[in-house]
Amino acid sequence: MSEPSTVEPGAPVPTSEAAAPAVELAGITKRFPGVVANRDVDIRVRGGTVHAVVGENGAGKSTLMKILYGAQRPDEGTIRIAGRDVELRSPADAISHGVGMVFQHFMLADNLSVLENVVLGAEGRHGIGDGARRRVLELSQAYGLGVDPDPLVADLGVGDRQRVEILKVLYRGARILILDEPTAVLVPQEVAELFANLRALKDQGLTVIFISHKLDEVITVADEITVMRRGSTVATVLPAEVTARQLAELMVGSELPSPQTRESTVTDVMALRVEGVTLRATDGRTLLADIDFAIRRGEVLGIAGVEGNGQAELVETVMGMRTPAAGRVLLGEQDVTRWSTRRRREAGIGYIPEDRHRHGLLLEAPLWENRVLGHQTTPPNARGPWINRAGARADTRRIVERYDVRTPGIDVVASALSGGNQQKLIVGREMSGEPLVLIAAHPTRGVDVGAQAAIWEYLRQARADGLAVLLVSADLDELIGLSDTIRVILRGRVIAALDPSDVSPEQLGSAMTGAGAPA
Amino acid sequence: MRRVDVGRLGLTLAAPVLAVLVAVGLTTLVLLAVGDPVSTTWGTILDAGADPRSVALTLSSATTYYLSAVAVAIGFRMGLFNIGVDGQYRLAAFVAALVAGSVSLPAPLHVGLAIVVAALVGAMWASIAGLLKVTRGVSEVISTIMLNAIATSLVAFLLREFRSPVLGANNIGTEPIPASGRVPGLPLVPGTPERVYGLVVLAVAVGIGYAVLVDRTRFGFDLRAAGGSQSAAVASGVDVRRMVVSAMLLSGGVAGLVGLPELLGASYTYSQTFPAGLGFTGIAIALLGRNHPVGIALGALLWAYLDVSANPLQILAGVSSEIVEIMKGITVLAVVVAYEVVRRHRLAREQRQVARELTAGARTPEQVPA
Amino acid sequence: MPRVTSIATALAAAVLAVAGCASESEPASTATGSEETLKVGLAYDIGGRGDQSFNDSAAAGLDRAKAEYGVETNESVASEGEPESAKEERLRLLAQNGFDPIIAVGFAYGPSLAQVAPEFPDVRFAIVDDASVMEDNVANLIFAEEEGSFLVGAAAALKSQSGQLGFIGGCTVPLIGKFEAGYAAGAKHINPDAEVDVRYLSDPPACPGFSDPAAGNTAATGMYESGADIVYHAAGGSGSGLFEAADAAGGLAIGVDSDQYLTADEAVRDAILTSMLKRVDVAVFDFITSVRDGDFTAGEVVYDLEAGGVGYSTSGGQVDDITDQLDEIAQKIIDGEIKVPTEP
């Protein structure tokens with residue numbers, strides 16, 4: 001871990017020049033009820049560079065950026081921009097100091113043109129007529145963004161929309177751009193274009209703060225990298241001197257847990273079969289086309305793919321929340337295609353949903369009621385038509401203990417728990433009652449490393465006990481490490497079947513884009 | 001463990017106390033602003049509490065309000081806004097009056113028949129909105145408002161068709177229900193000849209049924225799950241469409257009972273002067289009681305108490321009866337605001353507890369308070 | 001009906017005479033009534049003072065009694081959705097607190113008065129528009145709305161160019177049906193081919209159509225557009241919408257209850273042909289007077305054409321040329337030569 005030349009937070013970066021840094025955050029602390037989001041954070045960003053801030057989900061990156069953007073005010077600490085202390089009370093304050101934010105979720109009006117979107121809310125700068133158009137074209141030209149002011153935003157692709165967002169910020173006079181997870185929504189080709197844009201911005205003297213947890217990208221594009229962990233900055237490093245793995249270890253503060261499964265536990269007993277499943281949207285679009293796979297007991301089948309290629313729909317079809325236009329779903333030897341979600345759950349399908357807040361929990365309900373959720377009809381939660389409160393409560397206590405859910409009690413509401421503990425509760429719940437099949441969608445998304453390792457371990461144990469798992473994940477290490485076999489899904493079709501024992505994350509990644517599927 | 005419970009209890013009580021204080025304060029300001037006598041007004045209102053007759057009247061009124069609010073609350077618990085309680089109870093009371101007025105049965109059967117008919121009619125009328133929602137995606141807010149209007153016209157039309165010749169003059173009504181179908185009042189309050197509606201028993205039963213159903217049964221859990229998060233309920237296997245129809249049936253069934261205490265206990269006929277608008281009162285009281293069976297009971301009592309004091313306020317204190325309406329409005333508003341404040345406070349408090357738990361590090365689950 | 005009325009009137013006169021004798025023989029009980037300040041309690045139906053309808057009319061009678069006799073008054077109003085018991089309690093509270101007489105405005109008070117009146121045999125009650133309560137201490141002030149409506153119906157038919165008339169009712173209650181029936185019969189009496197377009201604005205029990213000028217306007221506009229030239233309303237506060245519509249369409253309107261030529265907005269006055277008078281104010285005032293003078297009589301007091309309780313107004317002068325014809329018809333109704341229906 002001491003291999004890369006790390007520098008103490010706040011200390012001068014070896015290559016820094018004498019000029020005042022574009023942005024300097026010193027001793028920033030921000031507390032929320034129950035959490036310290038940022039603790040004594042120090043970051044110095046030199047002008048005319050791309051500075052990456054990396055860290056796990058929940059490490060405090062977003063809060064820090066909100067502070068810099070004026071959307072949150074720090075409890076302690078100072079912000080210096082171009083060497084002067086500033087107080088940022090609002091995003092308007094921030095923009096007046098030249099700080100602009102490009103959000104991960106675009107904030108564009110679909111039914112307005114690009115020009116109208118850029119000008120919207122900044123009509124005072126160059127009016128709304130020819131002056132504004134001239135300025136937009138000027139900026140687009142100067143930074144090589146290639147934005148056409150006339151089409152409707154609705155007609156633009158994701159990459160174009162992102163450039164419009166960047167242009168919006170530039171139009172408002174930003175010299176320091178914050179980009180929050182800009183590549184999350186992009187395909188590799190678009191990522192390359194974005195990086196070219198960022199370099200152009202840098203060359204024009206602008207400063208870019210780039211938030212990400214995709215380490216390879218960070219190493220490619222950043223001039224300096226600051227690593228955050230648990231709300232604090234732990235190191236600032238130069239990309240030339242670190243590997244992605246070293247960065248990751250800095251992020252998690254320890255040797256990386258490995259999701260490797262050991263010996264195969266695959267049996268020849270069929271647990272879940274999906275045969276020729278085709279799903280159409282209400283408007284007739286094909287969401288899933290002729291999906292086929294089978295999972296045997298003791299087997300983990302991983303589904304890889306860029307998000308939005310049908311994974312969520314596949315999971316929901318298997319769970320009975322969507323009805324396929326064609327094809328069958330079989331649980332064991334039983335055709336369950338027409339079964340309700342409840343009946344499937346009763347028959348032994350556990351479900352860890354992708355979005356635990358929307359699909360996995362009743363946020364305002366106490367933990368023990370969340371234990372009941374999804375298992376309303378089975379012991380120990382139910383007795384005939386009644387809810388067995390004592391049974392459910394006792395079993396909730398068991399789950400809290402067994403799955404190490406950190407909570408003062410089972411009567412606190414779910415929203416009071418941290419994401420990792422919420423997820424552990426869900427995993428514990430779905431593992432209860434010895435399911436035959438577990439549908440796990442992004443089971444470790446947004447949880448801390450400790451919880452991640454624990455969840456992997458639970459999955460491994462269950463697999464050894466004969467559980468069949470359908471694993472959908474965007475974490476390629478997780479997919480490769482846990483799966484016995486991998487299917488790659490693209491635009492609703494399974495385009496490749498891979499053996500995780502001889503595929504690298506890089507190969508898997510390129511297969512997901514449909515580029516050169518190996519094998 | 002005890003300390004936590006005391007804190008929770010304190011928070012539970014904080015909201016209504018806060019709300020009542022705010023409501024009293026604001027009402028006093030209104031009284032001052034319009035130049036009404038403040039102390040006389042409050043004195044008159046408080047006097048009603050000491051008067052046995054007023055207490056009996058309050059109980060009777062609250063009986064009706066309670067049923068209405070429970071009907072609304074059943075919908076609220078799963079995120080359905082049944083604005084149609086008003087039309088449901090009027091149609092149900094009318095049909096029940098018609099049926100009960102035209103048969104002759106032994107007393108318990110006669111009353112039972114009226115209750116069953118009313119519940120069925122209310123449920124059927126409400127189910128139209130439920131079915132429209134699940135089959136055509138029509139918002140229940142829109143459809144129940146429309147159904148209210150249709151119920152009004154339908155009842156008015158049928159009333160003219162089935163008018164009883166017994167009631168002369170300018171009012172028309174259904175054939176009066178014979179003695180065997182009437183529910184005698186109960187002398188619950190000593191010191192007054194005024195009796196409380198006999199069907200207060202029905203309201204209590206409905207309240208207990210509601211509490212048990214929502215808190216103790218699988219059905220109630222599904223209902224609350226769908227109300228808490230529809231997406232999570234779907235993922236948990238709740239058939240939300242079926243729940244929508246079931247909830248509307250139940251809500252409408254209880255709504256059908258709203259008019260019965262008055263019908264079987266006082267008027268014995270559905271006439272043109274049958275109380276209207278009780279369904280809307282129910283919405284306010286369900287809000288006031290936070291959909292909780294006991295909370296609603298307290299809300300209904302408060303509402304009825306304010307109503308009962310409207311007459312003394314006008315006649316004895318010379319204060320306009322609108323002040324009572326203003327008071328009710330302020331109370332609902334204060335309750336809604338107070339509960340939101342307390343809810344946020346409670347969440348922050350629990351988050352702090354969790355944080356303490358985490359920073360404390362070592363933790364033995366055996367110590368987790370139950 | 002007229003015959004029944006006259007019998008009732010004769011009976012009333014007889015009772016009156018007896019009562020008069022009684023009061024002379026027992027001066028103690030009634031003398032106090034006229035010398036001490038009379039405390040009059042008035043219980044309105046929903047809407048109360050300011051409803052531009054019969055509540056207001058009752059209030060006008062009370063105001064007159066206050067001005068002329070200096071009586072002490074107490075008014076209270078029903079709220080929407082209140083149970084029977086609230087109405088009872090209102091009357092009871094007034095009685096308990098020394099109010100005598102007590103006037104209940106509207107037939108909605110029928111059942112509650114039937115309950116309360118026997119509890120206070122020494123208090124004198126009156127109820128407007130209800131004949132169902134029969135107690136020794138209750139006077140039933142009822143009106144022959146159909147007779148007055150017959151006259152304005154005749155006036156409309158006499159004045160109409162097109163022979164097409166309109167009627168707007170506030171609510172589908174039998175009471176308003178009497179207005180409609182008399183109006184249509186009066187029109188047909190003059191012109192058997194006259195057509196009456198009938199619209200009701202709402203249904204009971206809430207009856208919002210008595211206070212919805214916009215609905216009145218819409219209904220009236222439709223009638224004028226389809227050829228009607230004179231429209232009569234029995235829709236309380238909604239009538240102002242009719243007057244506006246009449247003014248805009250160049251048609252004529254007929255008011256109700258009070259002389260609306262005097263109370264309507266000046267801009268629309270010329271559109272008001274006449275008004276059917278239903279003198280609730282007179283009935284209330286007369287009742288208070290009778291109590292003051294010790295002449296209280298229980299039972300029906302019918303305010304018909306003969307008693308001057310209903311009629312038509314002449315303000316504005318638009319019916320001056322036909323008053324002879326109308327008065328002739330009125331006399332025929334009083335004489336029983338014309339029988340006016342009470343149901344449409």
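We use all heavy atoms of the structure for the numbers below, so side chains are in, but hydrogens, waters and symmetry mates are not. Throughout, a chain's letter reflects where its sequence line sits, starting with A, and its residues are numbered from 1.
C:Pro204 approaches B:Thr152 most closely through the heavy-atom pair O-CG2, 3.7 Å. The two residues B:Leu316 and C:Leu93 make their nearest non-hydrogen contact at CD1-CD2, 4.3 Å. Smallest separation of non-hydrogen atoms from C:Pro83 and B:Pro275: CA-CG, 4.0 Å.
Applying the side-chain hydrogen bond (donor to acceptor under 3.5 Å, both in side chains) test to every pair with at least one member in residues 98-118 of chain C, sequence neighbours left out, gives these pairs: C:Arg90-C:Tyr109, C:Asp100-C:Arg124. A salt bridge (Lys or Arg N to Asp or Glu O under 4.0 Å) check over residues 318-332 of chain B, counting only residues at least two apart or in different chains, returns the pairs B:Asp307-B:Lys328, B:Glu325-B:Lys328.
Between the side chain of B:Asn311 and the main chain of C:Glu89, no donor-acceptor pair closer than 3.5 Å is present.
Using a 4.5 Å cut-off between heavy atoms, C:Glu82 touches chain B through its backbone atoms (N, CA, C, O) alone. In this structure, no portion of C:Pro111 lies under 4.5 Å from any heavy atom of chain B. Residue contact with chain B, scored on non-hydrogen atoms closer than 4.5 Å, is absent for C:Arg49.
Legend: residues meeting side-chain contact (heavy atoms from CB on, under 4.5 Å) with C:Ala114, ordered by chain and number and at least two apart, are C:Val133.
Remark: the C:Asp203 side chain and the B:Ser153 side chain contain an N/O donor-acceptor pair separated by less than 3.5 Å.
Residues of residues 134-141 of chain C lying under 4.5 angstrom from chain B, judged on non-hydrogen atoms, do not exist.
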